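Note sheet for the following structure.
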Amino acid sequence: MTKSELISRLSARYPQLLTKDTELAVKMILDAMANSLSKGERIEIRGFGSFDLNFRPARVGRNPKSGEKVLVPEKYVPHFKAGKKMREHVDFDKEKS
């Protein structure tokens with residue numbers, strides 16, 4: 001699902017909200033999550049999952065086109081871990097199909 005699909009579904013589900021307001025709400029939530037992660041904070045949404053940062057140390061990689069060795073710097077990458085309810089919901093839906 002894309003951000004625009006999420007906005008469309010929310011607008012359809014809650015017709016009392018203008019699409020413009022729904023778009024602003026989704027944007028504000030995503031911006032708040034991105035800002036929290038950029039500060040190194042953990043985000044936990046009960047029943048859905050948690051977002052955290054994983055550290056990846058520097059390493060020597062390879063340019064797939066030329067085969068040349070390239071130094072890949074250390075970095076932090078966002079990581080999502082699904083909550084128990086989310087995992088159960090997804091597993092249950094797979095069993096039904």
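Quick caveat: nothing in here was measured; it's all calculated off a predicted structure.
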Among the clusters formed by ILVMFWY side chains lying less than 4.5 Å apart, do [X] and [Y] turn up in the same one?
X	Y	value
F55	V72	no
M86	I45	yes
I7	L17	yes
L24	V26	no
V77	L37	no

inquiry  = Within a 6.0 Å radius of atom CE on M1, are there more than 12 heavy atoms belonging to other residues, nucleotides or ligands?
reply    = yes

inquiry  = Within the supplied structure, the quantity of interest is the number of heavy atoms (other residues, nucleotides, ligands) at a distance under 6.0 Å from Y76 OH; does it exceed 12?
reply    = no

ask   = Going through the distances and angles, do K3 and L30 end up as a side-chain contact (heavy atoms from CB on, under 4.5 Å)?
value = CA-CA 10 Å; K3 185 165 74 169; L30 294 177; 3.5 Å; yes

Would you give the length of the straight line joining atom [atom1] of [X] to atom [atom2] of [Y], rounded to the nearest 0.5 angstrom?
X	Y	atom1	atom2	result
R56	K75	CZ	NZ	6.0 Å
S4	R9	OG	CZ	11.0 Å
L18	E23	CG	CD	11.5 Å
L6	I29	CG	CD1	8.5 Å
S36	L53	OG	CG	10.5 Å

note = What one should report as the nearest heavy-atom pair of L71 and R59 is CD1-O, 3.5 Å

key: Side chain S11, main chain S8, donor-acceptor under 3.5 Å   = no

task = Verify, without hydrogens or angle tests, whether E5 (side chain) and T2 (backbone) share a donor-acceptor contact under 3.5 angstrom.
result = yes

task = Using the side-chain contact (heavy atoms from CB on, under 4.5 Å) rule, take F51 and M33 through it: C-alpha gap first, then chi angles, then the decisive distance, then the call.
result = CA-CA 9 Å; F51 296 87; M33 292 174 71; 3.3 Å; yes

message = Taking the basic N atoms (NZ, or NE/NH1/NH2) and the acidic carboxylate oxygens, is any pair closer than 4.0 Å for R87 and D91?
response = no

ask   = With a 4.5 Å heavy-atom cut-off, do K81 and D52 have their side chains touching?
value = no

task = With sequence neighbours excluded, tell me which residues meet salt bridge (charged side-chain N to carboxylate O under 4.0 Å, His left out) with R13.
result = none

request  = Only counting residues at least two apart or in another chain, list the ones meeting salt bridge (charged side-chain N to carboxylate O under 4.0 Å, His left out) with E44.
outcome  = R42, R46

